[in-house]
Protein chains: 2
Amino acid sequence: MKEKATSFDIAYKAGVSQSTVSRALRNSPLVNEATREKIQAIAKELNYKVDKNASNLRSQQSDTIALLLFADPTNDDSDINPFFLSMLGSITRACAKKGYDLLVSFQQASDDWHADFEDSNKADGLILLGYGDYVDYEEKLIKLLDQGTHFVRWGAEVKNLPLISIGCDNHQGGIEMTEHLIKKGRTKLAFLGSASSHAPEFFDRYKGHCQSLKDNGLVVNQALQFNALYTEEAGYQAACKLIAGGEPFDAICAACDLIAIGAMRALQEHGISIPEQVALVGFDDIAVASFTFPALTTVKQDTQLAGELLVGTLLDLISGEEVKTTLIPPELVIRKSCGNEL
Amino acid sequence: MKEKATSFDIAYKAGVSQSTVSRALRNSPLVNEATREKIQAIAKELNYKVDKNASNLRSQQSDTIALLLFADPTNDDSDINPFFLSMLGSITRACAKKGYDLLVSFQQASDDWHADFEDSNKADGLILLGYGDYVDYEEKLIKLLDQGTHFVRWGAEVKNLPLISIGCDNHQGGIEMTEHLIKKGRTKLAFLGSASSHAPEFFDRYKGHCQSLKDNGLVVNQALQFNALYTEEAGYQAACKLIAGGEPFDAICAACDLIAIGAMRALQEHGISIPEQVALVGFDDIAVASFTFPALTTVKQDTQLAGELLVGTLLDLISGEEVKTTLIPPELVIRKSCGNEL
DNA sequence: CTGAAAGCGCTTACAG
DNA sequence: CTGAAAGCGCTTACAG
């Protein structure tokens with residue numbers, strides 16, 4: 001392994017000062033055109049790369065963003081919700097586009113947060129992503145805020161905290177999934193997903209669901225709501241309870257696609273046909289959704305837009321610009337699980 | 001935002017020298033117990049975090065690994081094969097376990113590689129992951145080798161290059177998927193997936209497939225092999241060609257699950273029943289595989305083990321230990337797409 | 001066990 | 001447009 005070249009080596013070869021090399025390599029307009037070209041040629045020849053540790057140390061910025069992905073602690077961590085994996089992909093791409101590197105870290109909600117990333121100057125800012133018990137997070141978020149850490153989170157808007165969030169308009173999404181079912185002639189709609197402030201995204205979807213029910217002259221039947229968190233298994237369990245409960249239903253709104261897929265399994269095991277006997281709508285539009293049988297009608301969250309907004313907003317925040325919490329409009333993707341399209 | 005504390009601030013407060021602070025914070029045995037505790041308490045109180053840029057610059061190591069994920073350039077980059085996303089997850093976890101940070105970067109196969117990560121001292125080593133045209137990669141791999149970069153790749157073993165790879169035993173996997181079909185009484189097996197050195201993983205699976213055919217007294221019918229790369233769409237196209245080709249077949253080996261899923265769609269569109277008329281096996285065992293209809297029998301690659309091996313091997317390599325290319329044994333996961341279990 | 005000092009490789013005022 | 005010099009915040013010989 002060869003010794004790594006430094007800017008001094010280049011300076012020596014080029015017959016200029018090290019300062020000039022540094023400037024030339026960063027395309028400073030202060031450097032003479034010809035000098036710059038010469039220096040860059042030598043740098044290339046020597047396979048020189050700026051030492052990031054040195055340059056970051058000196059300039060006190062890292063051009064790196066850290067992504068903290070929270071896994072549901074009830075989950076064994078081998079399965080991350082595919083929705084978040086998809087977000088990870090779009091965030092990575094958005095960072096690359098802006099010339100930032102991305103440090104990825106999976107966290108347990110219970111962990112001591114590695115908010116150190118910014119404190120230790122490894123990252124200029126943080127993106128927080130993942131479901132989890134919001135109530136548990138809150139104090140940590142406040143701590144981050146206190147420390148003056150630059151961060152943006154994915155999720156439901158929080159009213160009384162000056163948090164910058166990018167999230168889906170879950171309330172609107174809840175309305176759309178419900179509306180669609182009602183238009184299909186369903187009247188006894190169940191909702192599978194936790195309805196509490198511990199899971200604000202789901203709660204918002206549920207509230208949208210309830211509002212749509214009311215707007216369409218239907219009543220909210222508490223006996224048709226069952227809690228479930230994030231997983232296929234939870235969806236399966238909730239659907240089993242729903243079936244066992246005996247309360248008649250002809251449609252299910254699932255708070256996320258994984259829950260919908262679990263519900264699908266439960267329905268199939270009980271010989272209940274989809275969509276003939278029970279129509280089903282999910283939320284997220286993960287890749288799997290188009291491969292289930294029948295293909296799942298769902299509310300899509302635009303992960304690409306989300307990634308760009310998350311990164312863009314964080315960078316604005318870091319550079320001291322005015323930023324604000326943004327809601328992304330959901331989009332109903334109609335497939336087969338609620339009957340054929342009209 | 002408060003000023004960040006430095007080790008000098010702590011030294012001042014503790015009434016010791018900065019060197020001692022540095023030692024105490026790294027739990028050096030050279031420091032007196034009481035002194036260390038005092039220093040650590042002050043550090044905590046001041047919310048002090050070691051500046052990684054400074055410490056990395058000085059110690060010339062970063063405790064960071066970079067993961068380069070290659071996207072198939074023919075793909076619009078919004079979809080990364082879920083198999084790699086799953087690998088990403090397991091690698092992230094393996095890094096965390098070892099106390100390393102992970103820098104993630106998506107690359108186009110055509111890009112100038114950011115092998116800079118190591119050159120620029122941002123990472124101590126690289127993990128290379130992703131399908132792509134191997135032939136295109138080769139010269140870049142050689143360049144990495146020449147530079148003395150520490151890296152480990154996921155994929156098929158390469159014979160004439162001193163590359164360290166971690167990969168699945170694709171040949172064995174090809175045998176197992178084929179054997180299973182033959183045991184189910186199928187005799188006219190098609191193979192969907194590129195059979196060329198441009199896609200060595202697929203090629204190895206194909207070779208295993210052919211060998212199994214021969215071992216069981218069946219002939220390899222070239223008319224039943226169709227090229228396809230990595231995607232659902234490619235699988236769909238290949239299956240359509242297979243069907244249109246007119247050569248009779250009663251089973252399909254798909255080189256990856258996405259291809260299998262595409263083939264499934266083609267078969268269903270043509271009114272061909274699975275598994276009655278045609279049995280189907282995939283490769284990878286992505287999460288979707290258990291949600292298709294019928295559920296997909298497939299050859300599982302153990303991503304968790306893969307992640308641990310990739311990270312562990314890379315760290316060994318960095319610390320100068322002897323390392324070697326390792327093959328992970330595949331595992332057949334039997335579901336419904338080849339008929340009910342015996 | 002502790003401290004004074006050098007130095008990792010850059011960027012950036014400052015002076016010309 | 002260019003150079004000499006300071007300094008980012010640590011770690012690590014070196015000396016005691």
Side-chain angles (χ1 to χ4, degrees), chain A residues 2-40 42-43 46-64 101 116-124, chain B residues 2-40 42-43 46-64 101 116-124:
Chain A
K2 304 142 193 165
E3 280 303 300
K4 250 156 214 165
T6 72
S7 52
F8 283 94
D9 299 328
I10 297 182
Y12 178 78
K13 263 210 148 181
V16 298
S17 73
Q18 183 268 342
S19 330
T20 299
V21 170
S22 175
R23 290 191 192 99
L25 260 17
R26 278 171 301 117
N27 289 313
S28 160
L30 290 176
V31 176
N32 176 291
E33 178 73 21
T35 314
R36 175 172 56 226
E37 278 170 16
K38 181 175 173 195
I39 290 172
Q40 291 188 339
I42 294 175
L46 261 44
N47 198 24
Y48 169 80
K49 298 282 154 42
V50 170
D51 185 304
K52 286 291 182 185
N53 290 133
S55 71
N56 292 344
L57 172 58
R58 180 55 231 246
S59 61
Q60 295 292 43
Q61 61 161 57
S62 63
D63 286 354
T64 299
D101 288 323
D116 325 347
F117 278 125
E118 185 172 342
D119 292 333
S120 61
N121 280 339
K122 283 206 79 163
D124 298 332
Chain B
K2 305 142 193 165
E3 279 304 299
K4 249 157 212 164
T6 72
S7 52
F8 282 95
D9 298 328
I10 297 182
Y12 177 78
K13 262 209 147 182
V16 296
S17 74
Q18 183 267 341
S19 330
T20 300
V21 171
S22 175
R23 291 191 191 99
L25 260 17
R26 278 170 302 117
N27 289 312
S28 160
L30 290 176
V31 176
N32 176 289
E33 177 72 22
T35 315
R36 175 172 55 228
E37 277 170 16
K38 182 174 172 195
I39 290 171
Q40 291 188 340
I42 294 175
L46 262 43
N47 198 25
Y48 170 80
K49 299 282 153 38
V50 170
D51 184 303
K52 287 291 181 185
N53 290 132
S55 71
N56 292 345
L57 171 60
R58 181 55 231 246
S59 61
Q60 295 292 42
Q61 61 162 58
S62 64
D63 286 354
T64 299
D101 288 324
D116 325 345
F117 278 125
E118 186 172 342
D119 292 333
S120 62
N121 281 339
K122 284 206 79 165
D124 298 332

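Chain letters run A, B, ... following the sequence lines, proteins first, then strands; residues in each count from 1. Below, all heavy atoms of this structure are taken into account, side chains as well, without hydrogens, waters or symmetry copies.
Across all strands shown, B/Ser19 has heavy atoms under 4.0 Å from base atoms, whether or not it also approaches the sugar-phosphate. B/Ser7 comes within 4.0 angstrom of sugar-phosphate atoms only, judged by non-hydrogen atoms across all strands, and of no base.
Of the listed nucleotides (D/dT2, C/dT2, C/dG7), D/dT2 has the atom at the smallest distance from the side chain of A/Leu30. Side-chain atoms of A/Thr20 lie closest to D/dT2 of the nucleotides D/dT2, D/dT12, C/dC1. Nearest nucleotide to the B/Arg23 side chain, out of D/dC10, D/dC14, C/dT12: D/dC14. Counting only heavy atoms from C-beta on, A/Arg26 has its side chain closest to C/dT12 among C/dG9, C/dT12, D/dT2. The side chain of B/Val16 has C/dG3 as its nearest neighbour among C/dT2, C/dG3, D/dC8. Closest contact between the side chain of B/Ser22 and the listed nucleotides C/dC10, C/dT2, D/dT11 involves D/dT11.
Rounded to whole Å, the distance from CG on A/Leu57 to P on D/dC10 is 9 Å. Look at NZ on A/Lys122: it is 18 Å from P on D/dG9, rounded to the nearest Å. The distance between atom CD of A/Gln61 and atom C1' of C/dT11, rounded to the nearest whole Å, is 11 Å. Here the C1' atom of nucleotide D/dC1 and the CG atom of A/Leu25 are 17 Å apart, to the nearest Å. Distance NZ (B/Lys38) to P (C/dC1): 16 Å, rounded to an integer number of Å. As rounded to whole Å, 10 Å separates atom C1' of C/dC10 from atom CG of A/Asn56. For the pair B/Phe8 CZ and D/dT11 P, the interatomic distance rounds to 11 Å; values are reported in whole Å. A/Asn27 places its CG atom 14 Å from the P atom of C/dT12, with the value rounded to the nearest Å.
One N or O on the side chain of B/Thr64 and one on the backbone of B/Ser62 form a donor-acceptor pair closer than 3.5 Å. Side chain of B/Ser22 to backbone of B/Thr20: no donor-acceptor contact under 3.5 angstrom is found. At least one donor-acceptor pair closer than 3.5 Å links the side chain of B/Asp124 to the backbone N or O of B/Asp63. Side chain of A/Asp9 to backbone of A/Thr6: a donor-acceptor contact under 3.5 angstrom is found. Using modelled atom types, one side-chain atom of B/Gln40 and one backbone atom of B/Ala24 make a donor-acceptor pair closer than 3.5 Å. Not one N or O on the side chain of B/Asn56 forms a donor-acceptor pair closer than 3.5 Å with the backbone of A/Asn53.
Proximity of B/Gln18 to the phosphate of C/dT2: no side-chain N or O atom is located under 4.0 Å from OP1 or OP2. For C/dT12, neither phosphate oxygen OP1 nor OP2 lies less than 4.0 angstrom from any side-chain nitrogen or oxygen of A/Gln60. A sub-4.0 Å separation between OP1 or OP2 of C/dC8 and a side-chain N or O of B/Ser59 is absent. Listed pair A/Ser17 / D/dG3 meets the phosphate criterion, a side-chain N or O lying under 4.0 Å from OP1 or OP2.
The 5' end of DNA chain C is approached more closely, in terms of each residue's nearest nucleotide, by B/Arg36 than by the other of B/Arg58 and B/Arg36.
For D/dA13, there is no paired base (Watson-Crick or G-U wobble, both distances below 3.5 Å).
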